[in-house]
Amino acid sequence: MSQPPFEDDLFTPPTTGLLKNLNPEQHAAVTLGQEPALILAGAGSGKTRVLTTRIAWLMSQGLVAPGGVMAVTFTNKAAKEMVTRLTAMLPVNVRGMWIGTFHGLCNRFLRAHWKLAGLPQGFQILDASDSVSAVKRVIKAMKLDEERFVPKQVSWFIAGAKEDGLRAKDIEQRDEQSRTMVAIYQAYQDQCEREGVVDFAELMLRTYELLRDHAELRAHYQQRFKYILVDEFQDTNKLQYAWLKMFAPPGAGQGVFAVGDDDQSIYAFRGARVGNMADFEREYRVRKVVKLEQNYRSFGNILDAANELISRNSHRLGKNLRTEMGPGEPVRVNESASDFAEAQWLLEEAQALHRQGMPRQEIAILYRSNAQSRVLESALFNAGIPYRVYGGLRFFERAEVKHALAYLRLIENANDDTSFLRVVNFPARGIGARTIELLQDAARVSGRSLYQSVGAVAGKGGSNLAGFVSLVESMRNLTQGLTLREIISQMLESSGLAEFYRNDKDGAERLENLDELINAAEAFVTQEGFGKDAVALPVDELAPGAIAEGLPNAVAAAAVTPDAETGEIMSPLAAFLTHASLEAGDNQAQAGQDAIQLMTVHSAKGLEFDAVFITGLEEGLFPHENSLADGDGLEEERRLMYVAITRARQRLYLSFSQTRMLHGQTRYNVKSRFLEELPEAALKWLTPRNQGFGSGFAREYQSAWERGSGLKSMVGAGRVETSTAARAPYVPPVPQTMKQAAAQKVGNEYGGLRVGKGVFHNKFGEGVLVTLEGSGQDARAQVNFGRHGMKWLALAVAKLTPID
DNA sequence: AAAAAGCATTTTTTT
DNA sequence: AATGCTTTTT
């Protein structure tokens with residue numbers, strides 16, 4: 001090692017056994033040398049432990065100094081967790097290490113190299129919604145049709161392009177539509193440059209390009225980072241992988257340690273590429289993939305269910321979870337008549353668990369889509385059971401907080417048009433749409449910011465605008481030299497925001513949130529070390545060529561390099577604004593008391609609970625109908641189910657309902673195919689199964705049908721199917737119960753069929769009757785056959801038999 | 001400029 | 001059903 005192993009005097013070698021209690025696979029992963037490594041880490045296999053222990057081990061062995069380590073995660077939560085556990089393991093200066101999210105590290109990088117990156121020193125970051133409104137402005141300015149170019153979609157397109165490493169000029173323009181899209185992209189980009197702001201994808205792309213285009217810089221960082229660890233590698237997108245290769249190209253000899261689980265890849269819809277794992281293995285010539293298959297979380301039946309289910313996916317890297325905890329409770333399956341009944345059953349079961357001593361926060365109710373939470377919430381609410389819903393608005397996304405942040409941003413950079421527009425007339429100060437339009441026209445013509453163009457608008461609107469400008473000016477003057485806390489208080493008063501919410505009859509909660517903003521700022525200042533005694537910057541932090549010694553380490557994670565000319569360091573305010581953009585705050589609503597946890601399966605990833613309820617296991621819902629269109633959709637849904645199952649430690653409940661209110665109308669659903677993909681031996685049905693129509697039968701039947709003729713393509717949803725049994729290539733043996741049911745049919749016009757009940761059809765199998773219409777020869781039925789879709793059938797021809 | 005009415009939309013989401 | 005967004009009305 002060219003570097004002294006421990007330049008940090010805070011460091012003391014660990015006393016004993018970092019490696020104690022690691023299983024052989026974990027041990028192997030932790031103690032790998034400086035070589036490319038791919039760790040296939042199953043759910044509950046101690047992944048975070050391996051990551052943190054490896055870092056600790058590397059340093060305790062003197063293989064690397066803190067400054068030579070980079071650890072990348074996706075979420076702030078994961079990054080924090082890593083830091084916490086690492087510092088518990090050994091007293092190390094975490095600040096010298098690069099531990100953070102992809103975007104957080106990019107921010108850090110760009111703050112250090114802002115000049116080279118062509119950014120203003122105090123550049124601010126647009127969150128997703130800021131970005132959409134910025135795109136919207138561009139589209140308006142270009143006088144384009146917002147119906148044809150939906151801002152949200154265009155913003156998504158731009159982010160997608162950036163995440164593929166493409167700038168506007170790199171995009172192929174096939175037709176008018178794509179040409180315009182690219183033009184918007186370019187105009188948006190120009191606008192961002194002008195305003196001194198970057199969006200999330202830009203943070204990544206800029207960093208990537210900077211390294212790509214500057215060999216010296218690249219060499220510096222490659223030399224610096226001896227060990228790089230990447231968490232959740234299955235979720236990386238194209239750009240993130242390319243980014244990694246800039247810091248550590250294959251063959252450069254660094255210890256790149258990629259940890260992931262292809263079976264838990266559930267973010268393809270936002271650009272994640274599971275294929276990066278296989279690419280990594282190949283391109284980095286990974287000697288041996290380490291598989292962590294020992295699970296420390298769940299009992300056997302739960303793992304059996306998970307293993308069996310996921311085994312049906314193709315193109316897996318291959319992994320089977322095992323446990324030493326014994327089989328445990330069976331996986332319980334429950335069928336309900338309606339979503340209300342489901343909610344009722346669920347809360348009773350949850351209460352029972354709670355009475356038996358399980359803390360409420362150890363009980364999770366999972367669902368595929370957010371819309372499903374409503375019934376559950378109202379049931380829990382009416383029953384007076386405390387619950388907590390994840391995934392609502394986050395703190396920094398609240399309207400009042402965004403307003404406050406917009407004022408703060410204007411203090412920092414008045415040319416931020418997004419912020420300008422947000423608060424120019426809030427609280428109302430007589431600046432209407434017409435005035436804004438005039439202002440925007442003027443700004444466009446002169447190529448200047450809205451703030452700079454205020455003088456161009458005459459009349460009453462113009463003088464009101466002038467008033468706004470002087471307000472911002474006075475805020476900037478008044479806050480000069482104040483602490484962050486004082487700055488925010490001052491801003492809240494002089495902007496009129498505080499006054500506005502004081503007068504608003506529903507403003508109490510918003511006022512509280514604004515108070516909370518002050519607290520958040522205070523916490524940030526304390527945490528990040530503002531106002532503390534100056535600490536010398538680690539030399540390595542500096543941009544090549546910058547001078548560093550003796551400067552106060554005022555900005556820690558946010559900004560580390562002072563302007564080489566002025567010596568100015570990023571202000572606490574600017575750093576706090578960055579923090580607010582990069583970390584939108586907690587994703588859960590009310591904390592506090594012991595409450596049942598409600599969340600989507602996606603947001604449950606990475607969490608674990610004693611008891612887990614997976615609800616709405618119905619065809620169309622889970623797997624979701626929109627997922628079946630694209631090729632890999634079903635497999636991703638299955639991985640999602642796999643993630644859901646593996647959240648459970650002791651008890652797992654699977655629940656589905658015959659009827660469900662969705663978007664204001666009742667849907668009749670068929671139970672999810674996933675239920676049939678689980679091992680019978682691990683399950684316990686709390687409600688009787690549909691007799692004779694068990695998984696085996698339905699599956700055998702279906703595959704027999706699929707082997708047959710291509711009739712399937714003819715049976716579009718909604719079409720009246722007139723010829724069924726005659727064309728079916730294979731008629732399955734009629735189960736006993738069907739014969740009985742058929743006997744009942746005699747003498748009854750609808751043959752004992754009832755809306756909402758199950759039916760069996762020779763070709764489509766099991767379904768649920770949704771509608772009955774007409775009579776005699778015209779009698780027809782609408783049936784939801786789940787994976788075969790919704791069908792209209794002529795009862796005179798189609799053989800429908802009731803089941804149950 | 002605010003309030004009301006009309007309208008589409010409705011998988012999953014972090015930074 | 002309910003939410004958010006846009007247009008129309010007052």
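Heavy atoms only: backbone and side chains are in, while hydrogens, waters and symmetry mates are out. Naming: A, B, ... by sequence-line order, numbering from 1 per chain. This is a predicted model, so every value here is computed, not measured.
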Note: A:R398-A:E516 ion pair, threshold 4.0 Å (strictly below):
no
Distance in angstrom units between [X] [atom1] and [N] [atom2], rounded:
{"X": "A:E635", "N": "B:dT11", "atom1": "CD", "atom2": "P", "value": "22 Å"}
{"X": "A:D199", "N": "B:dT13", "atom1": "CG", "atom2": "P", "value": "21 Å"}
{"X": "A:E625", "N": "B:dT11", "atom1": "CD", "atom2": "P", "value": "8 Å"}
{"X": "A:Q665", "N": "B:dT10", "atom1": "CD", "atom2": "C1'", "value": "11 Å"}
{"X": "A:R667", "N": "B:dT11", "atom1": "CZ", "atom2": "P", "value": "11 Å"}
{"X": "A:L628", "N": "B:dT12", "atom1": "CG", "atom2": "C1'", "value": "14 Å"}
{"X": "A:L366", "N": "B:dT12", "atom1": "CG", "atom2": "C1'", "value": "13 Å"}
{"X": "A:I266", "N": "B:dT12", "atom1": "CD1", "atom2": "C1'", "value": "8 Å"}

For a quick check under 3.5 Å, do [X] and [Y] share a side-chain donor-acceptor pair by atom type?
{"X": "A:E400", "Y": "A:N513", "value": "yes"}
{"X": "A:S672", "Y": "A:E618", "value": "no"}
{"X": "A:D199", "Y": "A:Y188", "value": "yes"}
{"X": "A:E232", "Y": "A:Q264", "value": "no"}
{"X": "A:S129", "Y": "A:K402", "value": "yes"}
{"X": "A:Q240", "Y": "A:K245", "value": "no"}
{"X": "A:Y668", "Y": "A:Q658", "value": "no"}

Polar atom pairs between nucleotides 2-9 of chain B and protein, under 3.5 Å, N or O only, would you list them?
none

Applying salt bridge (charged side-chain N to carboxylate O under 4.0 Å, His left out), which residue pairs with at least one partner in residues 621-644 of chain A are found, sequence neighbours left out?
A:R368-A:E637, A:E625-A:R667, A:D632-A:R639, A:E636-A:R639, A:R638-A:E677
Here the salt bridge (charged side-chain N to carboxylate O under 4.0 Å, His left out) pairs for residues 421-434 of chain A, sequence neighbours left out, are A:R434-A:E437
Name of the residue among A:F468, A:F500, A:F420 meeting ring-ring contact (aromatic ring centres under 6.0 Å, His included) with A:F426:
A:F500
At under 4.0 Å between heavy atoms, what does [X] touch on the DNA or RNA strands: base, sugar-phosphate, or nothing?
{"X": "A:K77", "result": "nothing"}
{"X": "A:F269", "result": "base"}
{"X": "A:F622", "result": "nothing"}

[N] and [M]: how far apart are their [atom1] atoms, nearest whole angstrom?
{"N": "B:dT14", "M": "C:dT3", "atom1": "C1'", "result": "23 Å"}
{"N": "C:dT6", "M": "B:dT11", "atom1": "C1'", "result": "25 Å"}
{"N": "B:dT13", "M": "C:dG4", "atom1": "P", "result": "16 Å"}

Per-residue pairing states of DNA chain B in dot-bracket (Watson-Crick or G-U under 3.5 Å; . unpaired, | other strand) read ||||||||||.....
Please state whether the phosphate of B:dT13, meaning OP1 or OP2, lies under 4.0 angstrom from any side-chain nitrogen or oxygen of A:N370.
yes
Check whether any side-chain nitrogen or oxygen of A:T600 sits under 4.0 Å from OP1 or OP2 of B:dT11, and answer yes or no.
no
List the atom pairs, donor and acceptor, that lie under 3.5 Å between side-chain atoms in residues 150-158 of chain A and the rest of the protein, sequence neighbours left out.
none

Quick check with a 6.0 Å cut-off and a 45 degree axis cone: is A:R111 positioned over the face of A:F123's six-membered ring?
yes
Students should find that the nucleotides of DNA chain C closing off the region near chain A, any atom under 4.0 angstrom from a heavy atom, are C:dA1 to C:dT6
Start at the 5' end of DNA chain B and walk down; is the nucleotide closest to A:L640 or to A:N76 reached first?
A:L640
In terms of the nearest nucleotide of DNA chain B, which residue is placed more toward the 5' end: A:D630 or A:L582?
A:D630
